[in-house]
Amino acid sequence: MGEANACVGTGLAGGRMVVRPPACAPGPAAENVIAGNVIGYGGTAGKIFLNGQAGERFLIRNSGVTAVVEGVGDHGCEYMTGGRALILGPTGVNFGAGMTGGVAYVYDRDNDFDLRCNPDTVDLEPVLPGSSDEEELLGLLREHLAATGSVRAGELLADWSEVRGRFVKVLPVEYRRALLARRAKTESEAERVQR
């Protein structure tokens, strides 16, 4: 327990990392920085749960790590090629720059995340009720709560019907193209088999 420095989880290739403040820490965890810059850089597998905010360049070059954090600085998910990110609070600017794979979910409380992300490389979508996105997001929230005791995660889960509409799915443009091409190929092959 306690704070983490920069570069925690660099090259993470499995396992689970949990960082949470000690019980005696003053102030709400969600409003305080608990980990430094460049968390999860180049990770290929595993999970990271941070009960607090992280610095800049969160999950850059991530290709397979799943991470939950309560806020990030500038350049979050930069050059991300895979994995999952769930951001439960504010983000800095240039989120998703160069992102070509993976998915991020961002709690956009003030409805202004579109001003801080990189529209050249990512599309923003709502999280629809009953969707696989909602199921995944809820699963990550519950896992974060269980691992860290996050007050923020507990509040969001308790008020889910009200807050769900404030979550944004961040999907890389290139990844969307690849998914659509795969779906078209699968449908084409299924039609050929039926003939």
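Between Glu143 and Lys47, at least one side-chain N (NZ, or NE/NH1/NH2) sits under 4.0 Å from a carboxylate O, which counts as a salt bridge. By the 4.0 Å N-to-carboxylate-O rule, Asp133 lies close enough to Lys169 to be salt-bridged with it. Ion pairing between a basic and an acidic side chain is recognised when a charged N comes within 4.0 Å of a carboxylate O; Glu189 and Arg192 show no such pairing. Under 4.0 Å is where a charged nitrogen must lie from a carboxylate oxygen, and between Glu125 and Arg176 at least one such pair does.
The side-chain tip of Arg61 points at the ring of Tyr79 from less than 6.0 angstrom away and within 45° of straight on.
Within a 6.0 Å radius of CG in Asn5, other residues, nucleotides and ligands contribute 12 heavy atoms or fewer.
Under the 4.5 Å side-chain heavy-atom criterion for ILVMFWY residues, no single connected hydrophobic cluster contains both Val33 and Leu50.
Taken from CG in Asp108 to CG in Leu115, the straight-line distance is 9.0 Å, to the nearest 0.5 Å. The line from OG1 of Thr10 to CD1 of Ile39 is 7.5 Å long, rounded to the nearest 0.5 Å. Atom NE2 of residue His75 and atom CG of residue Asn37 lie 9.5 Å apart, to the nearest 0.5 angstrom.
By the 30° and 60° cut-offs, the orientation of the rings of Phe113 relative to Phe95 is perpendicular.
Side chains of Tyr105 and Glu136: a donor on one and an acceptor on the other come within 3.5 Å. In this structure, a donor-acceptor pair under 3.5 Å is present between the side chains of Asn118 and Asn94. No hydrogens or angles considered: a donor-acceptor pair under 3.5 Å links the side chains of Trp160 and Glu134.
Residues Ile48 and Leu12 are in side-chain contact: their nearest non-hydrogen atoms beyond the backbone lie under 4.5 Å apart. Using a 4.5 Å cut-off on side-chain heavy atoms (C-beta onward), Val168 and Tyr107 make no contact. Taking the side chain as every heavy atom from C-beta outward, Val8 and Met17 approach each other to under 4.5 Å. In this structure the side chain of Phe167 reaches within 4.5 angstrom of the side chain of Leu86, judged on heavy atoms. Looking at heavy atoms from C-beta onward, Arg57 lies in side-chain contact with Glu78 at the 4.5 angstrom threshold.
In this structure, Arg164 and Leu128 approach most closely via the heavy-atom pair CD-C, 4.5 Å. For the residue pair Glu70 and Pro90, the shortest heavy atom distance occurs at O-CD, 3.8 Å.
No side-chain donor-acceptor contact under 3.5 Å links Arg116 to the backbone of Asp74.
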